[in-house]
Student: 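Quick one: the structure is below, and I'll ask about it shortly.
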Amino acid sequence: MFILSEDTQRTQGSDAQSSNISAGKAVAEAVRTTLGPRGMDKMLVDSTGDVVITNDGATILTEMDIEHPAAQMLVEVAETQEDAVGDGTTTAAVLAGHLLARAEDMLENDVHPTTIVEGYHEAAAIALDAIDDAVLDVAVDDETLGQVAESSMTGKGTGGLTADQLAQTVVSAIRHVETEAGVVNRDDVRIFTKVGASSNATELVEGIVIDEEPVHDEMPRHVTDADILVLDMELDVRTADVSAEYRIDSVEQLTAAMDAEEEELRGYAKTLADADVDVVFATDDIDGRVAAMLADEGILAFDGLSDSDARAIATATGARRAGALDDLEDDDFGFAEHVDVRRVGDEELTFVEGGAAAEAVTVFVRGGTEHVVDELERALEDALDVVTVAVESGEVVPGAGATEIAIADAVRDAASGIEGRKQLAVEAFADAVDVIPRTLAENTGMDPIDVLVSLRSRYEDGETVGVISEGETGTVDDPLTYGVVDPADVKREAVESATEAATMILRIDDIIAAD
Ligand code: ADP
Ligand code: MG
């Protein structure tokens, strides 16, 4: 009996499983070579020929046009990881892929998918405990945060900048927007990119930078102690007034209509001048005539701001966004110590510094080419996120695969106490976790088997060891000596999201695809 339409494609049982597993493995394989400081970059070209060069797992997977539904679930793992903690996306995707690969072996040996799923969940719980145990007994001070930032950026194309310089910038940016209660207002850190100078010119601006210039040449370019209005309204003639509604039959009528327009526009300028506004940031248009009148009044004005720029200025200066000019109140205005229009390269940029309401900061990223600044921006976004996570949780663990070695060891230990075939699944989980140090070794050009053997035996002797890549080669050594640390939450999230995706895929035994 047919219950599905003829065009429906249906794959069932082990065929469905192996199709899903292969797709998941393929995704993991695609990003595996980018893992770690010696990971390679990918060049992604979209259908319009746009090129992105990146080492960032989430970016690679999002930009790849992935169709297979199970593969798509792994892309979601990377996205979840990115949203939750901002880093560890490659780790999570690779781990999920390897959980699937190990499951495939077990399925071939007739271990039931439900048994595998249960085993993986138990193993994940043990892994989370092992992460708790791996948390370092150190104060998460500026030095540690710098290491966290640097560890998340190594391997990313950071132009001519040393990871150390960038890490300092990231830490001071986050410290600026941290409240006394230790909460980080991450949204108050913005990244502004401008191609042109060398990446060495990247700096931290204690305020907001926007890519806007004044609407009129004769406006002041430097305003101190500025009262600020953020306006979501067009300063133009309401078009319906003239042409649409009245018929104009004579020159007198036309003049009258133009006078009325002029009057309306003058009204805007007068209202703003009477309110003692110094600077107007408008998201909509400002008519050229109004601009000239504002210039006459000595008011600095910008129009066509993006919503995010307007929001940032409002937050930093304490302005309320005004939708109209009638009944403006004192509370509508924001305040900044400086609003400066500066020439940077061959462009005019506007800096709003010393906002009264929030300590907003901008990492002003420079770089020789679009590709350099784009990748620098992605690296900085990750670093800002991980430093935020580390500040807020106060927990860091050793990086370079050391925590994964500890996880695998704990899970393997626990496996011996688990009955029946589920034990196989728990052991398989430990083997899958090994993929992280193994891949770090491979990407560093070391023999992965030798490295694993050495890592395990030294770990059993009580050492903290990871795969350190310094310069041309790698060694097995203590990551803490090299300042390689990751936030504990990045590891936790990777274990959780990878387990969730892999087990979800394993539970599927029927793929019904409408055409
Ligand atoms: P992800 O997308 O998972 O963050 P990365 O390419 O950023 O992938 O690699 C992260 C891994 O690289 C982490 O396990 C981290 O501890 C490790 N790592 C960072 N810096 C170093 C280093 N100098 N030596 C060895 N491993 C490092
Ligand atoms: Mg990373």
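Both backbone and side-chain heavy atoms feed into the values below; hydrogens, waters and symmetry mates do not.
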Student: Can you tell me how far apart CG (L384) and CG (D87) are? Round to the nearest 0.5 Å.
Tutor: 11.5 Å
Student: Determine, stepwise, if the pair H176 / D188 fulfils side chain to side chain contact (heavy atoms under 4.5 Å, CB included).
Tutor: CA-CA 9 Å; H176 259 98; D188 289 345; over 6 Å; no
Student: Compare all side-chain heavy atoms of L325 with those of L272 and state whether any distance is below 4.5 angstrom.
Tutor: yes
Student: With a 4.5 Å cut-off on side-chain heavy atoms, are R342 and E348 touching?
Tutor: no
Student: CG of D409 to CD of E460: how many Å apart, nearest 0.5 Å?
Tutor: 5.5 Å
Student: Donor-acceptor pair, Y120 side chain versus L99 backbone, under 3.5 Å?
Tutor: yes
Student: Verify side-chain hydrogen bond (donor to acceptor under 3.5 Å, both in side chains) between D232 and T283, making sure each step is shown before the conclusion.
Tutor: CA-CA 5 Å; D232 292 311; T283 50; 2.7 Å; yes
Student: Looking at S469, is its backbone amide N or carbonyl O close enough to the side chain of T444 to form a donor-acceptor pair, meaning the two atoms are under 3.5 Å apart?
Tutor: no
Student: Could you walk me through whether R221 and D340 pass the side chain to side chain contact (heavy atoms under 4.5 Å, CB included) check?
Tutor: CA-CA 6 Å; R221 295 164 57 85; D340 281 323; over 6 Å; no
Student: Would you call the rings of F281 and F302 parallel, tilted or perpendicular if under 30° counts as parallel and over 60° as perpendicular?
Tutor: parallel
Student: Starting from the C-alpha separation in whole Å, work towards a yes-or-no answer on salt bridge (charged side-chain N to carboxylate O under 4.0 Å, His left out) for R378 and E82.
Tutor: CA-CA 11 Å; R378 281 188 288 269; E82 178 81 20; over 6 Å; no
Student: What distance do I407 atom CD1 and I405 atom CD1 have between them, rounded to the nearest 0.5 Å?
Tutor: 10.0 Å
Student: With a 3.5 Å distance limit and no angle check, can you tell me whether N185 reaches the backbone of D187 through a side-chain donor-acceptor pair?
Tutor: no
Student: Check step by step if salt bridge (charged side-chain N to carboxylate O under 4.0 Å, His left out) holds for D489 and R492.
Tutor: CA-CA 5 Å; D489 283 343; R492 292 188 180 110; 2.7 Å; yes
Student: Is the closest basic N to carboxylate O distance between R320 and D331 below 4.0 Å?
Tutor: yes
Student: Please tell me if the side chains of H121 and E118 come closer than 4.5 Å, counting only heavy atoms from C-beta onward.
Tutor: no
Student: Using side-chain heavy atoms (C-beta onward) and a distance below 4.5 Å, is V31 in contact with V94?
Tutor: yes
Student: State, to 0.1 Å, how close V170 and A149 come at their nearest heavy-atom pair, and which atoms those are.
Tutor: CG1-CB, 4.2 Å
Student: Please report the shortest heavy-atom distance between Y268 and E234, naming the atom on each side.
Tutor: OH-O, 4.3 Å
Student: Rounded to the nearest 0.5 Å, what separates atom CD in E375 from atom CG in L380?
Tutor: 10.5 Å
Student: Under 3.5 Å, side chain of D303 to main-chain N/O of I286, donor-acceptor pair present?
Tutor: yes
Student: Between atom CG of L145 and atom CD of Q168, what is the distance when rounded to the nearest 0.5 Å?
Tutor: 10.5 Å
Student: Which of these passes side chain to side chain contact (heavy atoms under 4.5 Å, CB included) with F192: T362, I208, V205?
Tutor: T362
Student: Between R412 and D434, does any side-chain N to carboxylate O distance fall below 4.0 Å?
Tutor: yes
Student: Backbone N or O of A494 within a donor-acceptor pair of the Q81 side chain at under 3.5 Å?
Tutor: yes
Student: Heavy-atom count around E76 CD within 6.0 Å, excluding the residue itself: above 12?
Tutor: yes
Student: Could you pull out the closest heavy-atom pair between V140 and G394, with the gap in Å?
Tutor: CG2-O, 3.3 Å
Student: If only atom types and distance count, is the side chain of N443 paired as donor or acceptor with the main-chain N or O of R32 below 3.5 Å?
Tutor: yes
Student: So do E392 and T388 actually touch side chain to side chain, heavy atoms under 4.5 Å?
Tutor: yes
Student: Could you report the tightest heavy-atom contact between A139 and T144, atom names first, then the distance?
Tutor: O-OG1, 3.1 Å
Student: State whether the side chain of S151 and the backbone N or O of Q147 hold a donor-acceptor pair below 3.5 Å, judged by distance alone.
Tutor: yes
Student: Decide side chain to side chain contact (heavy atoms under 4.5 Å, CB included) for V223 and H338; before the verdict, give the C-alpha distance in whole Å, the side-chain angles of both, and the deciding distance to 0.1 Å.
Tutor: CA-CA 6 Å; V223 180; H338 297 278; over 6 Å; no
Student: Could you check if a side-chain atom of R366 sits within less than 4.5 angstrom of a side-chain atom of V372, using non-hydrogen atoms only?
Tutor: no
Student: Mind listing the closest non-hydrogen atom pair of T89 and A78 along with its distance?
Tutor: CG2-O, 3.4 Å
Student: Identify the two heavy atoms, one from E150 and one from A167, that lie closest to each other, and give their separation to 0.1 Å.
Tutor: N-CB, 4.0 Å
Student: Keeping the roles fixed (side chain from D478, backbone from V465), state whether a donor-acceptor pair exists under 3.5 Å.
Tutor: no
Student: Decide side chain to side chain contact (heavy atoms under 4.5 Å, CB included) for D211 and E347; before the verdict, give the C-alpha distance in whole Å, the side-chain angles of both, and the deciding distance to 0.1 Å.
Tutor: CA-CA 9 Å; D211 202 347; E347 270 177 273; 3.7 Å; yes
Student: Between T481 and D477, is there a donor-acceptor pair closer than 3.5 Å when you use the side chain of the first and the backbone of the second?
Tutor: no
Student: Does the side chain of F333 reach to within under 4.5 Å of the side chain of T317, using non-hydrogen atoms?
Tutor: no
Student: Contact between L128 and D132 at the side-chain level, heavy atoms closer than 4.5 Å - yes or no?
Tutor: no
Student: Passes salt bridge (charged side-chain N to carboxylate O under 4.0 Å, His left out), R175 versus D142? Steps please.
Tutor: CA-CA 9 Å; R175 286 298 194 199; D142 282 8; 2.6 Å; yes
Student: Determine the sole option in V344, I210, V341 for which the side chain to side chain contact (heavy atoms under 4.5 Å, CB included) test with L349 is passed.
Tutor: V344
Student: Give a yes or no on this: more than 12 heavy atoms of other residues, nucleotides or ligands lie within 6.0 Å of atom CD of E206.
Tutor: no
Student: So for atom CG, which belongs to D274, do other residues, nucleotides or ligands contribute more than 12 heavy atoms lying within a distance under 6.0 Å?
Tutor: yes
Student: Consider side chain to side chain contact (heavy atoms under 4.5 Å, CB included). Of D332, L231, V230, I313, which one does R321 pass it with?
Tutor: V230
Student: Check the pair R438, D431 against salt bridge (charged side-chain N to carboxylate O under 4.0 Å, His left out), reporting the backbone distance first and the verdict last.
Tutor: CA-CA 10 Å; R438 194 148 42 86; D431 293 342; over 6 Å; no
Student: Can you tell me how far apart OG1 (T315) and CD (E359) are? Round to the nearest 0.5 Å.
Tutor: 13.5 Å
